[in-house]
Amino acid sequence: MSRGDKSAYTQKQKRQAKHIEESELERGHSQEEAERIAWATVNKQDGGGQKKSHKTTK
């Protein structure tokens with residue numbers, strides 16, 4: 001089961017995590033461990049949930 005709210009993540013990040021999780025399950029990890037690895041990988045790649053763009057005006 002998920003630990004924490006995943007609503008701040010983009011659909012792309014959620015798809016990436018699901019794909020990674022499936023790969024980890026195929027490698028023999030438990031469901032919980034596969035999910036942990038998947039979200040840790042997404043966080044490492046993207047720095048966490050959805051980012052807001054900061055527009056500067058000149």
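Note that the numbering runs from 1 along the sequence shown for the chain. When reading the values below, keep in mind they use all heavy atoms of this one structure, side chains included, and skip hydrogens, waters and symmetry mates.
Atom-to-atom distance recorded for Ile37:CD1 and Glu32:CD is 11.0 Å, nearest 0.5 angstrom. The distance from the CH2 atom of Trp39 to the NZ atom of Lys14 is 7.0 Å, given to the nearest 0.5 Å.
A side-chain donor-acceptor contact under 3.5 Å links Gln13 to the backbone of Thr10.
Among Glu24, Glu35, Glu21, Arg36, the one residue that satisfies the side-chain contact (heavy atoms from CB on, under 4.5 Å) test with His29 is Glu24.
Taking the side chain as every heavy atom from C-beta outward, Tyr9 and Arg15 never approach each other to under 4.5 Å. At least one side-chain heavy atom of Gln16 sits less than 4.5 Å from a side-chain heavy atom of Gln45.
Listed here is the closest heavy atom pair of Ala17 and Ala38: O-CB, 3.2 Å.
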